[in-house]
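Just so you know, these numbers use all the heavy atoms, side chains as well, and skip hydrogens, waters and symmetry mates. Ligands are counted one by one from 1 in listed order, and the atoms in each one are counted from 1 as well. Bear in mind that the values here come from a model prediction, so they are computed numbers and not experimental data.
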Amino acid sequence: MNIALIGFMGSGKTTIGKRLACQFGWTFLDSDVLIQEKEHCTIAEIFAKNSEGYFRKCEKSVLAEIAELERVVLATGGGLPVGEENWEILHQRFFTVYLKADFDELFLRITGDPTRPLLQKYPTRKHLKELYLSRLGWYERAHAIIDTTQKKLERILGEIIEHAYPFYTNQN
Ligand SMILES: Nc1ncnc2c1ncn2[C@@H]1O[C@H](COP(=O)(O)OP(=O)(O)O)[C@@H](O)[C@H]1O
Ligand SMILES: O=C(O)C1=C[C@@H](OP(=O)(O)O)[C@@H](O)[C@H](O)C1
Ligand SMILES: [Mg+2]
């Protein structure tokens with residue numbers, strides 16, 4: 001069994017995932033980092049040179065690979081939990097934690113970041129909010145939902161550990 005952090009861009013999956021893995025003594029993996037290593041280019045370059053569709057195929061294949069491992073904290077990309085196929089794997093092999101936050105706060109956290117190509121695809125606040133709203137139903141399938149709005153990292157980490165502790169003790 002593994003733990004997967006899911007949620008929209010800026011929800012803190014990468015930042016908090018590293019801390020959680022460290023706390024549990026598990027391996028930290030980030031699907032975006034694995035894809036960049038395999039493709040030898042950045043996420044922005046993959047979107048520009050190939051396509052978003054190609055990136056989604058890469059996401060599926062790295063998820064299937066990680067699912068074979070044990071004691072991994074996975075920071076997913078924000079679009080990874082969109083689709084039944086990926087959820088089938090997530091539900092089978094991961095305790096899933098949705099890091100939820102108000103759109104306004106997420107927008108402030110990510111705005112202007114050149115590493116997130118969807119900010120160009122959805123160039124206005126209104127377009128990005130539509131994407132956010134369209135994904136909520138997928139994110140809400142998670143085993144645990146933690147609201148991160150206006151919360152410090154330490155507190156979020158504590159709340160995740162409370163929820164995930166039974167899974168952690170089962171594996172150790
Ligand atoms: N709870 C939080 N409060 C304030 N800033 C945060 C919080 N969580 C993440 N951030 C900041 O938001 C940005 C995006 O975080 P990141 O971990 O990359 O999110 P994700 O991987 O979910 O896209 C980073 O600058 C990070 O420091
Ligand atoms: O929401 C998305 O579809 C994406 C989120 C990004 O990851 P973060 O959620 O870590 O920013 C990254 O996978 C890619 O830019 C696409
Ligand atoms: Mg991330």
Check: How many angstroms lie between atom SG of C41 and atom CD1 of I46, to the nearest 0.5 angstrom?
Finding: 4.5 Å
Check: If you measure every N/O of G12 against every N/O of ligand 1, is any gap under 3.5 Å?
Finding: yes
Close-contact set for ligand 1 against [X] heavy atoms, below 4.0 Å:
X	value
T15	15 (O), 16 (P), 17 (O), 26 (C)
K151	1 (N), 2 (C), 3 (N)
M9	23 (O)

Margin query: For the 3.5 Å polar cut-off, considering only N or O atoms, please tell me whether G78 and ligand 2 meet it.
Written below: yes
Checklist line | Heteroatom proximity flag, D32 to ligand 2, N/O under 3.5 Å | finding: yes
So is [X] in contact with ligand 1, going by heavy-atom distances below 4.0 Å?
X	answer
G10	yes
R116	yes
S11	yes

Margin query: Against ligand 2, does Q36 come closer than 4.0 Å with any heavy atom?
Written below: no
Next item on the list: State if R135 counts as touching ligand 2 under the rule of any non-hydrogen atom under 4.0 Å.
Entry: yes
Next item on the list: Answer with side chain, backbone, both or neither: which part of I156 has a heavy atom less than 4.0 angstrom from an atom of ligand 1?
Entry: side chain
For [atom], closest protein heavy-atom neighbour:
atom	result
atom 12 (O) of ligand 1	R109 CD, 3.5 Å
atom 3 (O) of ligand 2	R56 NH2, 2.7 Å
atom 11 (O) of ligand 2	R116 NE, 2.7 Å
atom 21 (O) of ligand 1	T14 OG1, 2.9 Å

Checklist line | Pairs touching residues 66-78 that satisfy side-chain hydrogen bond (donor to acceptor under 3.5 Å, both in side chains), sequence neighbours left out | finding: E70-R93
Next item on the list: State whether any protein heavy atom lies less than 4.0 Å from atom 25 (O) of ligand 1.
Entry: no
Check: Is any side-chain heavy atom of I3 less than 4.5 Å from a side-chain heavy atom of V72?
Finding: no
Check: Are R135 and E130 within salt-bridge range, i.e. N to O under 4.0 Å?
Finding: no
Next item on the list: Could you please tell me which protein N, O or S atoms lie under 2.8 Å from the Mg ion (ligand 3)?
Entry: T14 OG1
Check: Counting each atom of ligand 2 from 1 as listed, which ones have a heavy atom of I43 under 4.0 Å away?
Finding: 14 (C), 15 (O)
